[in-house]
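Below you'll find the structure, written out as structure tokens, and then a few comments.
Each chain gets a letter, A, B and so on, in the order the sequences are listed, and its residues count up from 1.
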Amino acid sequence: MKPPIERGVPSEHLYATEPQGMVRFLRRSLIWQTFRFFVFNFKMLRIVVGGHS
Amino acid sequence: MAKVIVLGAGISGHTAAQILKRKLGKGHEVTVISPNSNYQWVPSNIWVGVGKMSTEQVVFKLAPVYQKLGIGYKQALAVSIHPEGNARHPKPFVSIRHVAPDMEGKTEEVEYDYLVNSTGPKLNFAGTEGLGPDKFTNSVCTYDHAAHSWKNLQACIAKMEKGQRQTFVIGTGHPMATCQGAAFEYALNIKAELDNRKLGHLADMWWITNEAELGDFGMGGAYIRKNGYVTPTKIFTESILREYGVRWIKQAGVKKVDEKAIHYEDILGQTHQIEYDFAMLIPGFAGTGIKAYGREDQDISDKVFAANGMMKVDADYTPKPYEQWKAADWPSTYQSPAYPNVYATGIAFAPPHGMSKPAINKNGMSITPTPPRTGMPSGVMGMVVAQNIAHQVKTGKNDHPHRASMARMGAVCVVSAGYGFFKGRAAVMTVFPIVPDWEKHPKWGRDINYTIGEIGLAGHWVKLMLHYLFMYKAKARPLWWMIPE
Ligand SMILES: Cc1cc2nc3c(=O)[nH]c(=O)nc-3n(C[C@H](O)[C@H](O)[C@H](O)COP(=O)(O)OP(=O)(O)OC[C@H]3O[C@@H](n4cnc5c(N)ncnc54)[C@H](O)[C@@H]3O)c2cc1C
């Protein structure tokens with residue numbers, strides 16, 4: 001057993017949000033993620049094109 | 001015939017060299033000087049660090065690519081630049097020291113008409129006692145560091161397979177370190193790998209950071225529009241860590257690491273420590289230590305470089321308080337104010353100031369991330385400088401039709417959170433512009449319509465796609481130039 005560890009602000013993680021069923025499902029859903037893949041590519045391209053002259 | 005020298009063959013320098021040669025053609029000379037015979041796609045080092053990619057998958061030999069493109073290549077370190085020439089050389093030149101086995105230690109002076117300094121950062125492990133792969137902590141900053149980290153990680157996995165608990169501490173190893181994104185994705189990838197092996201329950205995972213709040217990422221945080229709210233990246237980042245079972249310590253200025261514990265000061269000036277079995281901490285970054293000399297061989301490094309060793313460019317370096325920082329302070333041509341034929345791109349240029357609000361504790365320790373200059377802006381800077389030099393060579397005009405300020409360009413950061421074509425995950429984050437512009441966007445600092453923060457399988461596909469796309473481009477395969485930065 002290790003000695004107790006002195007830690008900065010150990011309880012803060014308890015106040016964070018955590019995704020639940022539907023969000024987790026959509027993150028893995030092949031149909032939804034394929035759609036998001038194209039959305040990301042479109043948005044990334046907009047940023048790339050708009051970022052320099 | 002113009003002679004252009006590019007120092008460094010990283011994301012920025014390699015991009016600059018490829019575009020320079022394409023634009024200038026056979027009539028002009030482009031030479032790259034870089035010590036490593038390999039090109040590395042740095043963002044994929046994360047996957048080397050968890051054994052998902054081999055080093056061979058993230059690197060390739062530079063010499064054949066440069067030979068194919070007609071670019072000169074010297075495997076050497078730039079030691080000093082002489083922008084006024086000297087008694088021996090009427091023209092400006094760079095002093096280099098060869099490192100290739102057949103020429104090791106030999107020095108050479110290479111004249112130039114234009115110089116692009118893209119030497120990236122010196123990984124300043126010595127800035128924190130006990131830091132670095134030669135001491136007590138791991139690194140993923142280079143492919144060989146990442147491979148070494150994977151070896152050490154495997155040793156921890158072996159212990160966990162025997163039922164032992166292990167403590168992992170990942171984050172920043174210096175009070176002013178940057179590159180939080182890379183450390184963040186390494187923490188998530190480790191946890192994902194341990195979960196895949198059904199060992200996650202034996203891991204105590206900690207994220208330690210110099211950020212004032214999570215999600216700052218050295219860019220003062222950002223806002224994302226999502227689910228009917230505008231949410232700060234703090235909420236987004238904390239949520240990911242909670243989901244992965246990673247606890248965190250923020251506002252931590254790591255000052256020492258010994259074989260058991262990481263010692264850090266908090267924002268109140270109190271010292272704490274956290275024990276670890278495996279630590280990966282990003283070091284502070286500095287300039288690579290190149291010196292500059294004038295016509296009489298006098299040291300003019302102060303004129304050319306900022307105090308941190310990075311090169312001064314067309315930024316406003318007037319010291320000013322946080323409240324007066326402006327988007328217009330950021331450079332757009334990357335031209336040296338002292339020598340108009342010298343440019344610095346990527347991590348090698350000196351930013352005018354940070355993006356995160358400075359925080360200093362009562363002991364005078366500044367616990368503030370320095371601004372990141374990630375891959376995408378580094379590539380764009382390389383491209384824009386190459387286009388401007390080609391324009392100047394071809395027209396004889398000394399102007400800059402192409403500009404790319406970090407306060408006018410966006411960035412895409414894909415934070416890997418686990419590997420696998422069906423099981424992988426990554427957070428796609430975009431911001432526009434990178435440097436918040438509070439005059440133009442008084443409410444959120446950036447254009448909220450361009451900002452994304454979303455985690456999922458598609459993010460992993462994006463990261464994988466970027467890996468193959470940019471390796472293809474860097475290898476100068478057919479139509480490479482059609483792939484945008
Ligand atoms: C693990 C990791 C993951 C990352 N992930 C992402 C990501 O997902 N997205 C993103 O946008 N960014 C990411 N980044 C950041 C990105 O890799 C850097 O912003 C980028 O590499 C900077 O490019 P650069 O060309 O300025 O410097 P570098 O890539 O560091 O290249 C510097 C070059 O200069 C050479 N050099 C050094 N000293 C000398 C000298 N004295 N003379 C000549 N040559 C010299 C070096 O050998 C090297 O070839 C990541 C960084 C790390 C460490």
### Query
So do the side chains of A:Gln33 and B:Trp461 get within less than 4.5 Å of each other, counting heavy atoms only?
yes
### Qualifying residue, where the test is side chain to side chain contact (heavy atoms under 4.5 Å, CB included) with A:Lys43 and the options are B:Val428, B:Asn449, B:Thr430, B:Ile452
B:Ile452
### Task
With a 4.5 Å cut-off on heavy-atom pairs, point out which of B:Gln251, B:Arg242, B:Arg425 contacts chain A the most.
B:Arg242
### Message
Please report the interatomic distance CZ(A:Arg24) to CD1(B:Ile455), rounded to the nearest 0.5 Å.
### Response
10.0 Å
### Query
Is any side-chain heavy atom of B:Glu454 closer than 4.5 Å to a side-chain heavy atom of A:Val39?
no
### Message
Counting neighbours of NZ on B:Lys423 that are heavy atoms of other residues, nucleotides or ligands and sit closer than 6.0 Å, is the number greater than 12?
### Response
no
### Distance, nearest 0.5 Å, that separates CG of A:Leu14 from CZ of B:Arg247
9.5 Å
#### Entry: Segment of B:Phe236 engaging chain A (4.5 angstrom heavy-atom cut-off)
neither
### Message
Are A:Arg28 and B:Leu457 packed together at the side-chain level, in the sense that at least one heavy-atom pair is separated by less than 4.5 angstrom?
### Response
no
#### Entry: Pair A:Arg27 + B:Glu243, salt bridge at N-O below 4.0 Å
yes
### Query
CG of B:Leu268: more than 12 outside heavy atoms within 6.0 angstrom?
yes
#### Entry: A:Leu30 side, atom CG; B:Phe421 side, atom CZ - distance, nearest 0.5 Å
8.5 Å
### Task
Start with the C-alpha distance between A:Phe40 and B:Val412, add both sets of side-chain angles, then the distance that settles side chain to side chain contact (heavy atoms under 4.5 Å, CB included), and finish with yes or no.
CA-CA 10 Å; A:Phe40 292 154; B:Val412 179; over 6 Å; no
#### Entry: A:Ser29 versus chain B, the contacting section by heavy-atom distance below 4.5 Å
neither
### Query
Are A:Phe37 and B:Met465 close enough that some pair of their side-chain heavy atoms sits under 4.5 Å apart?
yes
### Task
Check for a donor-acceptor pair, side chain of B:Ser239 on one end and backbone N or O of A:Thr17 on the other, with a separation under 3.5 Å.
yes
### Query
Of the backbone (N, CA, C, O) and the side chain (C-beta and beyond), which part of B:Ala411 lies under 4.5 Å from a heavy atom of chain A, both, or neither?
backbone
